[in-house]
Amino acid sequence: MEYELSEQEQIRRNSLSELNNIGINPFPSESYPITHTAKEILDTFKPDSTGFEEVSIAGRIMTRRIMGAASFLDLQDSTGRIQLYLKRDDICPDEDKSLYNTVFKRLMDIGDIIGIKGFVFVTQMGETSIHVKELTLLTKSLRVLPIVKEKDDQTFDAFSDPEIRYRQRYVDLIVNPEVRDVFVKRTRLVNTMRNFLSGKGYLEVETPILQPLYGGAAARPFKTHHNSLDMTLYLRIANELYLKRLIVGGYDGVFEFSKDFRNEGMDRFHNPEFTQMELYVAYKDYEWMMNTVEEMVERIALDLHGTTKVKVGENEIDFKRPWKRYTMYEAIAHYTGIDISAMDEAQLRDTCQKLNVEIDESMGKGKLIDAIFGDVAEPKLMQPTFITDYPVEMSPLAKKHRSKPGLVERFEAICNGKEICNAFSELNDPIDQRKRFEDQLELGKRGDDESMVLDEDFLRALEYGMPPTAGLGIGIDRLTMIMTNQPSIQDVLFFPQMRPEKVTAIAVATDEEFVAKGIPAEWVQVLRKAGIKSPEDLKAANPNKLLHDLSGLRKKLKLEIPSLRIEDVKTWCE
RNA sequence: CUCUCCGUAGCUCAGCUGGUAGAGCAAAUGACUCUUAAUCAUUGGGUCACAGGUUCGAAUCCUGUCGGGGAGACCA
């Protein structure tokens, strides 16, 4: 058995063995010296500059323009593309011209990784290029890259199939430089945040991903099992309760960039695993946290774009401080004209009906208010806006409002119609916290399968005393989407979650295996063309249809072999 | 989970009311020592996602399955 290869894949494998035969290792192991990157050369080289007489650079061949004994090619390294000029008599100074004629022209391809040494110059067309004196194959590429062409900033044949882009991100990154840039920006965003928080003296920590109880958010968890402890474990949906334990332990400020996991639906804002940054700072409240978020996010925009203004889709979003602030009730009143602040559950249900907000039986007061807000206000909030003072029912970990009964000291920042962070003055009264958990259990009994579970150890920690604390969770993926103007979470995750791919490699039987079953050798290739890849396939085939197919192929391919009779085909198929 | 669009060569896409598939790039062979979507000539390359059905005949029509996108439902 062997695997079926496309014509071009077979040609590249042949090139590979030919390279081996003439003594060129297609996968050498030595380091290759690199003196410059493409970007360095393009940025700094001037026709009269010195220091570019001997450069050494490595990368992937992206295009080739061969003109007989001279060629131009574009080399791509991690910083960009630079044109190479290759002359036969330069890389082959002796009689033997095979390095150019055979190795370069015939055995190398677009996608191969090479190292070159040469000098920098400017072509007659004015493009900074490298005149190659020495060429080394560093890695042979056996798969054909998608070919993307560009002229005058117009892209032709863009590699755009989302399925292949996400499944084979490596290809996406090779041929779509703007994709590589998105992920560079993502890392810069994280670094800016980390420097900002470390600079204030907060401690970056790590807490368990595998948790015996999931808590800190309302969501369905992924469940797994530990064999030697023989116990159920959950992948964390949040790390809130662990970070608060650390505040109890005496740290002033802790934060963690945490991969969290939620077993919910997927769409362009949700991936089952996603990243949050959670921050807890002792002796602060949510007012202080709002100012901190503003400052941090504004700095991110400045670090990434040099300005507070960021283009997102059709809109321009300005992260300049201060941001607008609405209480939740104000926001709803602002967009509907209805004041819900004094309504009870029944009145809220009426209002939902009036506003065409879909609800169900299991929803308590908190969820009803959230449903109204999510429908009428959230999608309309484009510029960064703080929404404050949420109902107590939907915020079981937030502290009761200092002056407004029934509310908690909580805020979310909404931007481009989506939540980007969630924060509160943390509840540190263990008696109140226990009661809130018990209310959640009550909701769970009503059918809310995302209500929180009671964490006794967390309550014990609170009983020792947690100082007044401000807490924050900020969605890194969504913030990255906004900061890099990407419409889908899949575009800011290297490897977004996908259903498994179908196996694409098809096993193919050798000629001998067919002949052993009594098939004449001259018909084996024809059978393969007809879709019969192994003798087993014959058993499943319809002899009449197969005869029809084979006769058609015989005619099409103009084969000089005797025609078939139905009896022959029937015997093959037995 | 529902609706909707899509799946054809390595890539980007054509393919009409059913008659065994075409183009550009890429590839092969040849020409060409400043090209840049290089150019010119010749050639090869397909399980038309998969499985059924209708039909003399299906890439095309019907049903189902798989995979993907979008919208909703759900989800702070």
Side-chain angles (χ1 to χ4, degrees), chain A residues 4-12 14-15 62-74 81 83-90 100 105-106 109-111 121-127 129 131 142-152 154-167 171 175 217-220 238 262-270 358 360 366-367 369-371 373-374 378 387 390 394-395 410 412 414 418-419 421-422 449-450 473 475 487-488 490 498-502 504 506 528-533 537 540 545 548-549 551-553 555-556:
Chain A
E4 194 172 39
L5 297 171
S6 76
E7 185 191 33
Q8 292 192 53
E9 286 173 322
Q10 192 55 60
I11 287 167
R12 290 196 178 199
N14 294 345
S15 299
M62 295 308 288
T63 71
R64 288 206 295 184
R65 296 174 288 281
I66 297 178
M67 300 162 305
S71 299
F72 288 92
L73 46 162
D74 290 349
R81 289 187 190 190
Q83 179 172 262
L84 307 182
Y85 179 54
L86 199 68
K87 252 160 70 172
R88 180 178 62 201
D89 297 338
D90 283 333
Y100 184 84
K105 279 170 76 173
R106 229 163 46 68
D109 294 282
I110 290 175
F121 74 111
V122 178
T123 65
Q124 287 170 16
M125 297 304 289
E127 181 165 349
S129 307
H131 191 124
L142 295 181
R143 292 229 180 208
V144 189
L145 283 176
I147 306 294
V148 179
K149 297 258 177 178
E150 240 176 75
K151 191 192 187 177
D152 304 333
Q154 237 195 310
T155 303
F156 300 83
D157 301 336
F159 176 61
S160 54
D161 182 335
E163 179 170 0
I164 316 180
R165 282 188 51 223
Y166 299 146
R167 285 197 199 282
V171 177
V175 304
R220 280 191 293 262
R262 297 189 184 175
N263 207 340
E264 313 270 8
M266 291 166 63
D267 59 31
R268 69 194 184 88
F269 293 100
H270 299 264
E358 272 192 53
D360 69 65
K367 280 220 166 192
I369 294 169
D370 189 45
F373 176 77
E378 193 174 37
I387 302 296
Y390 285 63
M394 54 191 288
S395 314
R410 169 179 176 185
E412 291 189 359
I414 314 284
K418 278 279 165 190
E419 170 206 343
C421 78
N422 182 17
D449 55 359
E450 290 175 343
S488 165
Q490 296 175 108
M498 288 270 192
R499 285 206 166 83
E501 190 177 8
K502 268 190 290 188
T504 50
I506 302 163
R528 288 214 182 88
K529 290 250 178 218
I532 306 294
K533 302 296 182 192
D537 292 347
K545 175 162 164 51
H548 185 263
D549 289 353
S551 306
L553 283 165
K555 205 175 291 174
K556 187 185 172 195

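Everything numeric here is computed off the predicted structure, so don't read it as measured data. Just so we're on the same page: letters track the sequence lines, and every chain starts at 1.
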Visitor: For Ala217(A), answer base if it contacts any base atom (sugar-phosphate contacts may also be present), sugar-phosphate if it contacts only those atoms, and nothing otherwise; contact means non-hydrogen atoms under 4.0 Å.
Guide: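 No contact at all - Ala217(A) keeps every heavy atom at 4.0 Å or more from the nucleic acid.
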Visitor: A26(B) base to Gln8(A) side chain: any donor-acceptor pair below 3.5 Å?
Guide: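 Indeed there is one.
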Visitor: I'd like the C1' distance from A28(B) over to C5(B), given in whole Å.
Guide: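 To the nearest whole Å, 38 Å.
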Visitor: Distance from Cys421(A) atom SG to Glu412(A) atom CD, nearest 0.5 Å?
Guide: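 Those atoms lie 7.5 Å apart.
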Visitor: Represent RNA chain B in dot-bracket notation, 5' to 3'. Only Watson-Crick or G-U wobble pairs with both distances under 3.5 Å count; pseudoknot-style crossings use [ ] and interstrand partners use |.
Guide: (((((((..((((.....[..)))).(((((.......))))).....(((((..]....))))))))))))....
Visitor: One character per nucleotide, please: for nucleotides 69-75 of chain B, 5' to 3', B when the base has a protein heavy atom closer than 4.0 Å, S when only the sugar-phosphate does, - otherwise.
Guide: S-S---B
Visitor: Rounding to the closest angstrom, what is the interatomic distance between G72(B) and U60(B) at atom P?
Guide: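 Approximately 32 Å lies between the P atom of G72(B) and that of U60(B).
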Visitor: Please work out whether the ring planes of Phe373(A) and Tyr390(A) are parallel, tilted or perpendicular, with thresholds of 30° and 60°.
Guide: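 Taking Tyr390(A) first and then Phe373(A), their aromatic rings stand perpendicular (interplane angle over 60°).
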Visitor: From CD1 of Ile11(A) over to P of A9(B), roughly how many Å is that when rounded to an integer?
Guide: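 The distance from CD1 of Ile11(A) to P of A9(B) comes to 17 Å, rounded to the nearest Å.
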Visitor: Could you encode protein contacts along nucleotides 33-43 of chain B as a string, one character per nucleotide from 5' to 3', using B for base contact, S for sugar-phosphate-only contact and - for no contact, with a heavy-atom cut-off of under 4.0 Å?
Guide: BBBBBB-----
Visitor: Say you pick atom P in G7(B) and the same atom in U29(B); how far apart are they, in whole Å?
Guide: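 Pairwise P distance, G7(B) against U29(B), rounds to 34 Å.
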Visitor: Could you tell me whether the phosphate oxygens of G68(B), OP1 or OP2, come under 4.0 Å of any side-chain nitrogen or oxygen in Arg499(A)?
Guide: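 Yes, within the criterion.
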Visitor: Please state how far atom CD1 in Ile164(A) lies from atom C1' in U8(B), giving the value in whole angstrom units.
Guide: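 Spelled out: CD1 on Ile164(A) to C1' on U8(B) is 13 Å.
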Visitor: Going by the side-chain contact (heavy atoms from CB on, under 4.5 Å) test, name the single residue among Arg106(A), Lys105(A), Lys87(A) that passes it with Tyr100(A).
Guide: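 Considering Arg106(A), Lys105(A), Lys87(A), a side-chain contact (heavy atoms from CB on, under 4.5 Å) with Tyr100(A) is found only for Lys105(A).
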Visitor: Taking G18(B) as the reference, what is the distance to C48(B) when you measure between their C1' atoms (whole Å, please)?
Guide: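 Result for the C1' pair: 14 Å, nearest Å.
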Visitor: Between Asp109(A) and Leu145(A), name the one whose nearest nucleotide on RNA chain B is closer to the 5' end.
Guide: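 The residue mapped nearer the 5' terminus is Leu145(A).
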Visitor: Would you give the length of the straight line joining atom CG of Asp161(A) to atom CZ of Arg167(A), rounded to the nearest 0.5 angstrom?
Guide: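 Taking CG in Asp161(A) and CZ in Arg167(A), the distance rounds to 10.0 Å.
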